[in-house]
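When reading the values below, keep in mind they use all heavy atoms of this one structure, side chains included, and skip hydrogens, waters and symmetry mates. Everything numeric here is computed off the predicted structure, so don't read it as measured data.
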Amino acid sequence: ASLARVIFRFHPALRDVPVWFDAGAAEPAQRSAGGERACLEGGDVLALSPEVLVVGLSERTNHAGVRGLCAALARINSSSFAWIARRTPT
């Protein structure tokens, strides 16, 4: 996550790209009731269309990360949406 932050901050082609959600900087409100840190692996995220984003739960993506991503997307897009979380096959 630290490397990705550096790349998005300093690469000329990426520095102006908005960051919707940074799981590494997740606020305490984005943690689970048990204090689980939000984790979101880019490979678990698939954009099927501009309106459909699929996120799989895995060893590197947890419920706190998915909830944080949903909250971040809700802040930038007032449209309503629903999310379904499923564990990916191992």
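Of all the heavy atoms in R15 and R9, the pair that sits closest is CB-O, 3.3 Å. The two atoms that bring R37 and N62 nearest to each other are O-ND2, 2.8 Å, heavy atoms only.
In this structure, V52 is not a member of the same hydrophobic cluster as L73, with clusters built from ILVMFWY side-chain heavy atoms closer than 4.5 Å. No continuous path of ILVMFWY side-chain contacts below 4.5 Å connects V66 to L48, so the two sit in separate hydrophobic clusters.
Residues V45 and T61 fail the side-chain proximity criterion, which asks for heavy atoms closer than 4.5 Å.
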With side-chain contact (heavy atoms from CB on, under 4.5 Å) as the test, would you mind laying out the steps for H63 and R67 before giving the verdict? CA-CA 6 Å; H63 282 94; R67 282 192 303 274; 3.3 Å; yes
